[in-house]
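Order of the sequence lines fixes the chain letters, A, B, ..., with proteins taken first and strands second; residue numbering starts at 1 for each chain.
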Amino acid sequence: MAPSEQPARSHRYTAELAGRIEGKWQDRWEREETFAAPNPAGDLAQTPRGKRATDMEPAYFMDMFPYPSGRGLHVGHPLGYVATDVHARYNRMLGKNVMHALGYDAFGLPAEQYAVQTGQHPRVTTEENIANMRSQLRRLGLGHDARRTFATTDPEFVKWTQWIFVQIFDSWYDPQAADGRGAARPITELIAQFEAGRDTGRGAWAELDAAAREDVLQDYRLAYVSESPVNWCPGLGTVLANEEVTAEGRSERGNFPVFTRRLRQWNMRITAYADRLVDDLDAVDWPESVKQMQRNWIGRSTGALLRFSPAAGAASDAGPDDIEVYTTRADTLFGGTFLVLSPEHPLVEAYTAQRWPAGTPEPWTGGADTPAAAIAAYRRAAAAKTPLERQEGKDKTGVFTGTSVVNPATGEAMPVFVADYVLMGYGTGAVMGVPAEDPRDWDFAQAYGLPYVRTVQPAEDHPEDRPYTGEGEKINSANAEIDLNGRPIAEAKAAIVEWLGERAEATTQYRLRDWLFSRQRYWGEPFPIVYDEAGVPHALPADQLPVDLPEVPDFSPRTFAADDVDSEPEPPLGRNADWVSVELDLGDGPRRYRRETNTMPNWAGSSWYQLRYADPHNDAASVGPENEAYWLGPRGAGDSGGADLYVGGVEHAVLHLLYARFWHKVLFDLGHISSWEPFRKLINQGYIQAYAFTDARGVYVPADEVEEHTDEAGNTTYTHGGQPVAREYGKMGKSLKNMVTPEDMYAAFGADTFRVYEMSMGPLVDSRPWETRAVVGAQRFLQRVWRLAVDEETGETAVSDEPADGETRRVLHQTIAGVREDMDHFRYNTVVAKLIVLVNHLTKAGSAPREAMEPLAIMLAPLAPHLAEEIWERMGHDHTITYAPYPVADESQLRAEAVTCVVQVRGKVRDRLEVDPEIDPGELEALAIASDGAQKFLQGAAPLKVIVRAPKLVNIVPAQ
RNA sequence: GCCGGAUUGGCGGAAUCGGUAGACGCGGCGCACUCAAAAUGCGUUGCCUCACGGCGUGCGGGUUCGAGUCCCGCAUCCGGCACCA
């Protein structure tokens, strides 16, 4: 519209004016380095504000940093960033030294795939995407310390990622260290122990050559190469960590089938930290659900290893080794009627008999003439199954080995089977079959006609034809030496392990597997590892880092048909022969080495970036000790240390968050840092979801063109171009044609309105639907604030220096008290509601006293920082509102002159009284009983009982 | 199957110490201003009932003077794990 049309309202708070105000303050914050937080030491110790870090309480708030994809943001992406920004701004006003910055997690497949398509180097694409994302986010007014930003792809950052890898490679887990709790120690300490005579398991250390010594060390290093079963994904052309494989046995990325193959790959010995990763969850303030997911993922279980010997005469002539099984129910040994080996178990051959024993039931043989033939066929079939197929249907199958072991408790023979319901990857890969107390063993016993013996008295209503896994007294569990009958399960477990002596050992097992750490990709960190002629890996010293990515003719991973099980991984870095073969001096003169050609997984950079924000330019250390201790260090006994707040999506509950905890603990053990957890408090923000609409063909139509209709019966229907469409609810995105972008919001309302709306929609942790038409509510609120402070006709400041009236003071101080409380608990939705109440009161009162407007501006500043700065300045302040002290409620102003007391009869409200807040309870009781509402029920009679909660409530119970 | 979490008006949500259920916002309805519209302001808005009044926090029980809130049982939905011995 032309200005001449509406001269009277030329100073209205429109999207256009908001945009001007926002740009002004964003420029000024940048120019003045408003959000620069001083470090105690190093290059970031000085800031324009001149405050010293050591004079302030540190507060470190983090977001899960973004992957700078080229696809652009939608309104859901900034939710967490706005929340941490609100929290950070609030804490600055409480006088804390707030560190808040944002980096970029920039290695990964999308940039690589884009590079493959365009031929452009992924670094170019990545940097463009980062620049683009940075400008998109700048418009939100996030108060980040720009000096602390970085990308995981920056050579300076890669250098320290590689350095940390070397630390992990050059250490082992000493279970004796840290007073028996266990800790990572330098590998040199282990070598010294071997030199002093510690058993290597492969002969005397002094007699071993370099390659043999390295073989020994590889069993201890926290980063090691091993040939072991891994998840090979031909469709992606790379191997994957267990955490990256779905329950269906497919890749989380791309949904390709994943196969188990034995390959030589890098691993991280995260299993060494299993106990601490479980136990230390008690020290952090995280959502219980995430803690539970991590506990489940680590899967600690306590039980016992039991050893079974071959039955005399039944075994092959060779006399095979004992079979060790893991069980959590050692108490059920008397009910063990058979034994099962996983198809991959190393003792399968040794237990395979020459011929079927006389009387072997037909189903046990799998129809084969000899045990060897039956087992070979069975193993072949098992190997061809994907993990998914292996668990599908859960029908138990297996074949008899022809051999039996002896049950040490009963003396009975237990036939040994091979069956694929037993997994090689857990426990010992062998289980004792106890049909009566295990549903899986029950199913197998049913299928193969094996007997069962109950060893726990089932509950009375328990059906006879079911296994019983509940509590109860032991039965049928006695022999000449031990009698468990009548005892509870827990006691029986301990007793049986003790009785078995040499044949048993109490132990702990974990579901967690070591972390497969190498990938066959281009766009990742190269390993800081070279191999000598003997194939011995050598870590590169810090002064030779970073190892930069080589130029290669083709970035793409070599992928295969999704079901091509026999394909071999082929790392793209191997395509540059000049890079792979290198001459280096690692302390013993220049020699020729071959570089490791795998790259690190995506998770590497995010496993330690929480440290780098604290000291982003340090080129002598990943993080300087003084800066780490200040920002992340423990603040008292029992405190783990770590960032004060970490906000991000719950999808990283077991991947990133487990890896980051693991690396953090290794660095702690090695003495590089003082904190032993990376994140003290974790909040998982909810998702913003959106409605999408499909036409009669099931094709998505643009959601912003859909019209809503409500008929007289109140039914709502939707049409697009006059045709009915169906509504569904889900993610926001281009493919569902329901994407709303932050830019749309800036253009229509301004960034402050967008921020306020996102914070007011509901609790941070809940998911909620996006509704563009509701954003106007936030805009109206900010417009009212603006109108209180600024005359819309003249543009003059409208704040008065007259004192506020009593009622305004009361509302103001109630608001301050409530808002503070809510801010402390991240309840931003109710903060907004309370500020609206205050603003509505001032609007209704028709006055804007400075006494109320200044606290209002400060309370509004974390949520709508640009508008708050603008009116703060117009109220005569030269300095940014960022560090204005947060208001404190004056208790003496909170008391009202009268309060409403409800009069209840049998808990139902029957009357209301206006009373003095200080009223005497006895007086209030008399007033309540005399009230019309109460007398209607009492009719003059004395009440049976009266509960008085002065001054708010009286509940009367009449006599009848 | 196991483990977490949820269920409150047309919609998002408040009430978290057992004490006025529905704050605040969207949407709806009405009014003012306006030639008109937008914007803004004011009023109203859980359901049933003309009203008096009654009923209401997923369902069924219980504890209590009083229950959205605590206890027992059930249903539905969301998330995670799932042959882990």
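Residue A:R12 has its side chain nearest to B:rA39 when only B:rA39, B:rA82, B:rU20 are considered. Closest to the side chain of A:A833, from the set B:rG41, B:rC24, B:rA14, is B:rC24. Closest to the A:P763 side chain, of the nucleotides B:rA85, B:rA14, B:rC55, is B:rA14. In the set B:rA85, B:rC55, B:rG27, B:rA85 carries the atom at the smallest distance from any side-chain atom of A:Y326.
Using atom C1' as the reference point in both B:rC11 and B:rU49, the two lie 26 Å apart (nearest Å). Only the C1' atoms considered, B:rU44 is 16 Å distant from B:rG22, to the nearest whole Å. Taking the P atoms as reference points, B:rA67 lies 38 Å from B:rC29, given to the whole Å. Nucleotides B:rA23 and B:rU16 have their C1' atoms positioned 15 Å apart, rounded to a whole Å.
The shortest distance between the side-chain N/O atoms of A:R780 and the OP1/OP2 oxygens of B:rG27 is below 4.0 Å. Between A:K844 and B:rG43, a side-chain N or O to OP1/OP2 separation shorter than 4.0 Å is present.
Taking A:D282 as the reference, A:R295 meet the salt bridge (Lys or Arg N to Asp or Glu O under 4.0 Å) condition, with sequence neighbours excluded. Remark: A:D322 engages A:R307 in a salt bridge (Lys or Arg N to Asp or Glu O under 4.0 Å) (not counting sequence neighbours). Here A:R787 pairs with A:E792 under the salt bridge (Lys or Arg N to Asp or Glu O under 4.0 Å) rule; sequence neighbours left out. Remark: A:R379 pairs with A:E349 by the salt bridge (Lys or Arg N to Asp or Glu O under 4.0 Å) rule, at least two apart or across chains. A:Q779 meets the side-chain contact (heavy atoms from CB on, under 4.5 Å) test with A:F749, A:T753, A:V776, A:Q783; sequence neighbours excluded. For A:R820, there are no side chain to side chain donor-acceptor pair (under 3.5 Å) partners, not counting sequence neighbours. For A:D911, the side-chain contact (heavy atoms from CB on, under 4.5 Å) partners two or more places apart in sequence, or in a different chain, are A:V903, A:S931, A:D932.
Annotation: cation-pi geometry satisfied between A:K396 and A:Y421 (NZ/CZ under 6.0 angstrom from ring centroid, within 45° of ring axis).
If you check distances only, the side chain of A:R912 does reach the base of B:rU20 with a donor-acceptor pair under 3.5 Å.
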Open item on the list: For nucleotides 64-73 of chain B, give me one character per nucleotide, 5' to 3': B if any protein heavy atom sits under 4.0 Å from the base, S if the only such contacts are to the sugar-phosphate, - if neither.
Closed with: -BS-------
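The residue A:Q783 sits close only to the backbone: its heavy atoms come under 4.0 Å of sugar-phosphate atoms, none of a base.
Taking for each of A:D822 and A:V909 the nucleotide of RNA chain B with the nearest heavy atom, the 5'-most of the two is the partner of A:D822. Closest-nucleotide positions on RNA chain B for A:T327 and A:T843 were compared, and the one nearer the 5' end corresponds to A:T843.
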Polar atom pairs (N or O), protein with nucleotides 2-12 of chain B, under 3.5 Å:
residue : atom : partner : partner atom : Å
B:rG12  : O2'  : A:M761  : O            : 2.8

